[in-house]
Amino acid sequence: MAALAAFVNARSVPQTAFSFKALPPDMSLQDAPTYVTELRNAAGELAATYKFNYFFDGDASSWQFFPLVIQWAENAKYRSEGMDRAIIEHCVSSLRAFFVQDVRLTIASGYLTTQRHGRAFFERMGWQLHSYDKQGGQYPLLALQPAPMQFIARRIDDISMPFRTDEAEAGTLCFAVLDL
């Protein structure tokens, strides 16, 4: 992942509205190996970071990147129109460009709330939505998914549950997935 950060920074082209800078891998998201990229506005002020944990199988032929989260700086003080889409496009294009074609890549969003319209945003971008209703403390339809998807769902559920205070949100697990 350090090589990915160096690759991203070497090919980064400054834009007039904002720019990206990948940071060295750290453990800043859920105390797990984390990839972080900063987004700065034209004045150089930190507007946001996007980050995700990364996981791979033993021979590194299949990588999973999740939960993809965007953290806006200073209560989104420097957020501007189009940044959300630019962040997702930067993340996807960086991964596509860096990894060889025969490596399987799966990216999953963080928990998508209904209040912030995340479902519609990722659906418009062509990601596959996954939504599971909880029954008796379990997600019965999740058991029908392949093991890698169950792993993604369980981790997103565990990470997001403390923040899902609305009853409707607590009883539903929703995230988006893109396979590259």
Side-chain angles (χ1 to χ4, degrees), residues 1-112 116-130 148-149 151-152 155-156 159 175-180:
M1 295 314 287
L4 172 61
F7 174 82
V8 166
N9 291 334
R11 67 189 286 263
S12 181
V13 177
Q15 300 178 18
T16 57
F18 44 81
S19 61
F20 293 96
K21 180 183 179 191
L23 304 179
D26 62 29
M27 301 287 278
S28 64
L29 182 60
Q30 300 299 316
D31 292 323
T34 304
Y35 177 84
V36 181
T37 299
E38 295 179 338
L39 169 68
R40 294 189 176 270
N41 65 16
E45 298 154 322
L46 180 64
T49 58
Y50 76 78
K51 54 178 67 180
F52 49 75
N53 296 137
Y54 51 91
F55 308 88
F56 61 93
D57 65 14
D59 65 2
S61 65
S62 178
W63 287 76
Q64 295 178 339
F65 307 98
F66 71 93
L68 172 59
V69 297
I70 298 172
Q71 297 173 326
W72 296 100
E74 297 188 46
N75 267 349
K77 178 179 177 180
Y78 302 111
R79 185 177 185 174
S80 62
E81 186 175 333
M83 280 185 175
D84 302 57
R85 178 173 288 279
I87 288 170
I88 301 304
E89 289 173 352
H90 183 267
C91 176
V92 171
S93 67
S94 296
L95 292 171
R96 278 188 176 146
F98 180 74
F99 285 94
V100 295
Q101 293 295 334
D102 57 345
V103 174
R104 182 169 184 238
L105 308 175
T106 301
I107 309 170
S109 69
Y111 181 76
L112 300 179
R116 294 191 175 174
H117 309 288
R119 295 174 194 202
F121 174 78
F122 280 98
E123 191 171 44
R124 280 191 308 272
M125 294 199 71
W127 293 45
Q128 181 183 11
L129 291 180
H130 287 262
M149 189 59 60
F151 174 66
I152 291 170
R155 184 155 172 86
I156 291 173
I159 291 169
F175 56 96
V177 174
L178 181 66
D179 288 314
L180 302 178

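Owing to the predicted nature of the structure, the values given are computational and were not obtained by experimental measurement.
Under the side chain to side chain donor-acceptor pair (under 3.5 Å) criterion, the residue pairs touching residues 86-100 are Tyr50-His90, with sequence neighbours excluded. Pairs of residues two or more places apart, or lying in two chains, never qualify as salt bridge (charged side-chain N to carboxylate O under 4.0 Å, His left out) while including a residue from residues 17-31.
A 4.5 Å side-chain heavy-atom check between Gln64 and Pro148 finds at least one atom pair inside the cut-off. For the pair Glu74 and Glu45, the minimum side-chain heavy-atom distance is 4.5 Å or more. Residues Leu129 and Leu112 meet the side-chain proximity criterion, which asks for heavy atoms closer than 4.5 Å. Using a 4.5 Å heavy-atom threshold, the side chains of Ile88 and Phe121 count as touching. Counting only heavy atoms from C-beta outward, the side chains of Leu178 and Met125 never approach each other to under 4.5 Å. Side-chain contact check for Thr37 versus Ile87: every heavy-atom pair is 4.5 Å or farther apart. Two residues are said to be in side-chain contact when any heavy atoms from C-beta on lie closer than 4.5 Å; Ile159 and Pro67 meet this criterion.
Applying the ring-ring contact (aromatic ring centres under 6.0 Å, His included) criterion to Phe99, with sequence neighbours excluded, gives Trp63, Phe65. The ring-ring contact (aromatic ring centres under 6.0 Å, His included) check on Phe122 picks up Trp127, with sequence neighbours excluded. When the ring-ring contact (aromatic ring centres under 6.0 Å, His included) test is applied to Tyr35, the partners found at least two apart in sequence or on another chain are Phe52. Remark: Phe175 engages His130 in a ring-ring contact (aromatic ring centres under 6.0 Å, His included) (not counting sequence neighbours).
Heavy atoms only, all atoms of each residue included: Thr49 and Val36 are closest at CB-CG1, 4.2 Å. Taking each heavy atom of Ser109 and Ile156 in turn, the nearest pair found is O-CD1, 3.1 Å. For the residue pair Ser28 and Lys51, the shortest heavy atom distance occurs at OG-NZ, 3.0 Å. Summarising the geometry of Pro25 relative to Ala2, their closest heavy-atom pair is CG-N, 3.5 Å, with the distance given to 0.1 Å.
Atoms CG and CZ, from Asn53 and Arg155 in turn, are 4.5 Å apart once rounded to the nearest 0.5 Å. In this structure, the separation between CG on Asp84 and CZ on Arg79 is 4.0 Å, given to the nearest 0.5 Å. The OG atom of Ser80 lies 7.5 Å from the CG atom of Leu39; values are rounded to the nearest 0.5 Å. Distance OG/Ser62 to CG/Asp102: 11.5 Å, rounded to 0.5 Å.
A donor-acceptor pair under 3.5 Å is absent between the side-chain atoms of Asn41 and the main chain of Phe18, judged by distance alone. No donor-acceptor pair under 3.5 Å is formed between the side chain of Asp179 and the backbone N or O of Arg104.
A ring pair (Phe, Tyr, Trp, His ring centres under 6.0 Å) with Phe66 is found for exactly one of Tyr54, Phe55, Tyr111, namely Phe55.
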- Task: Dump the intermediate steps for side chain to side chain contact (heavy atoms under 4.5 Å, CB included) on Val103 and Leu180, then the final yes or no.
- Result: CA-CA 9 Å; Val103 174; Leu180 302 178; over 6 Å; no

